[in-house]
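For reference, the structure is listed below as structure tokens.
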Amino acid sequence: MLMNSYIERIEKLPFALVNGLQINIFQAILLVGIIAGLGFWLVEKVKKGLMAAMVCGLGFFVLRSLAFINTNSQHKIIVYNVTQHRAIDFISGRNYLFVGDTDLQVDDFCPANFI
């Protein structure tokens with residue numbers, strides 16, 4: 001109970017949460033490598049730990065930059081198979097336009113409907 005209340009208080013701090021961050025498994029591994037390398041360098045005072053953290057950091061930023069370049073250059077049309085409704089997404093870079101029935105634009109999830 002104490003840990004949960006502590007986490008809830010931390011969550012309310014400004015900039016405590018990062019929304020919309022999507023990383024793949026390789027980027028997550030590189031972030032763990034950065035943390036492990038910095039921890040090893042701080043505890044053992046070995047320069048190899050700092051070098052490993054810097055190499056992982058460089059790899060992370062290269063992969064992240066490639067992901068942004070790939071996302072910004074995408075052009076897609078996605079047609080969804082929704083019974084009795086029309087639903088199409090037009091994606092250009094990081095922008096999208098939804099064309100479809102207004103029933104699908106309402107984000108009203110109610111678990112009571114599934115009981």
Side-chain angles (χ1 to χ4, degrees):
M1 188 166 93
L2 290 172
M3 183 175 70
N4 286 341
S5 65
Y6 176 74
I7 291 173
E8 288 173 359
R9 281 187 272 144
I10 294 293
E11 180 182 33
K12 293 177 184 173
L13 292 174
F15 304 109
L17 298 175
V18 178
N19 294 326
L21 180 65
Q22 298 178 353
I23 60 174
N24 61 29
I25 188 70
F26 300 114
Q27 292 170 346
I29 290 169
L30 289 172
L31 284 176
V32 170
I34 292 169
I35 294 168
L38 286 175
F40 186 69
W41 174 65
L42 287 172
V43 172
E44 298 294 328
K45 305 291 188 224
V46 177
K47 287 186 180 180
K48 288 182 181 180
L50 181 61
M51 290 302 292
M54 291 174 68
V55 168
C56 288
L58 179 66
F60 175 78
F61 288 116
V62 166
L63 285 179
R64 194 76 185 136
S65 297
L66 290 174
F68 277 124
I69 291 169
N70 188 27
T71 301
N72 287 331
S73 64
Q74 71 180 347
H75 298 284
K76 297 179 181 179
I77 298 175
I78 302 172
V79 179
Y80 297 99
N81 183 16
V82 181
T83 307
Q84 306 266 327
H85 294 288
R86 179 180 56 152
I88 303 170
D89 272 335
F90 296 96
I91 300 173
S92 178
R94 299 184 78 185
N95 302 315
Y96 75 95
L97 172 68
F98 176 77
V99 177
D101 296 340
T102 55
D103 295 343
L104 299 175
Q105 292 179 353
V106 177
D107 191 15
D108 239 2
F109 178 75
C110 180
N113 294 338
F114 296 103
I115 296 177

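Positions are given from 1 along the sequence.
- Hydrophobic clustering, with ILVMFWY side chains joined whenever heavy atoms are under 4.5 angstrom apart, groups L42 together with L31.
- Linking ILVMFWY side-chain heavy atoms closer than 4.5 Å, directly or via other members, places V79 and L97 in a single hydrophobic cluster.
- Annotation: side chain of N4 is not in contact with side chain of Y6 (no heavy-atom distance under 4.5 Å).
- Counting only heavy atoms from C-beta outward, the side chains of M54 and I34 never approach each other to under 4.5 Å.
- The main-chain N or O of F60 is never found under 3.5 Å from a side-chain atom of Q27 such that the two would form a donor-acceptor pair.
- Heavy atoms only, all atoms of each residue included: C56 and L30 are closest at CB-O, 3.6 Å.
- Here the CG-CD1 distance, from N24 to I29, works out to 9.0 Å after rounding to the nearest 0.5 Å.
- Looking at heavy atoms from C-beta onward, D89 lies out of side-chain contact with I77 at the 4.5 angstrom threshold.
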Worksheet item: Would I91 and I78 count as a side-chain contact (heavy atoms from CB on, under 4.5 Å) if you check the C-alpha gap in whole Å, the side-chain angles of each, and the deciding distance to 0.1 Å?
Response: CA-CA 8 Å; I91 300 173; I78 302 172; 3.6 Å; yes

Worksheet item: Does the pair R86 and V99 meet the rule for a side-chain contact (heavy atoms from CB on, under 4.5 Å), with working shown?
Response: CA-CA 8 Å; R86 179 180 56 152; V99 177; 4.1 Å; yes

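- Between Q22 atom CD and T71 atom OG1 the span is 8.5 Å, to the nearest 0.5 Å.
- Through side-chain heavy atoms spaced under 4.5 Å, either directly or across other Ile, Leu, Val, Met, Phe, Trp or Tyr residues, F40 is tied to V46.
- Counting non-hydrogen atoms of other residues, nucleotides and ligands closer than 6.0 Å to CD1 of I25 gives a total of 12 or fewer.
- Other residues, nucleotides and ligands contribute more than 12 heavy atoms inside 6.0 Å of the CZ atom of F90.
- One N or O on the side chain of N72 and one on the backbone of F68 form a donor-acceptor pair closer than 3.5 Å.
- By the 4.5 Å heavy-atom criterion applied to side chains, Q74 and N70 are not counted as neighbours.
- F26 is listed as a side-chain neighbour of L63, based on a closest heavy-atom distance under 4.5 Å.
- Follow the hydrophobic side-chain contacts under 4.5 Å out from L58 and you never reach V32; the two are in separate clusters.
- Summarising the geometry of G49 relative to W41, their closest heavy-atom pair is C-CB, 4.0 Å, with the distance given to 0.1 Å.
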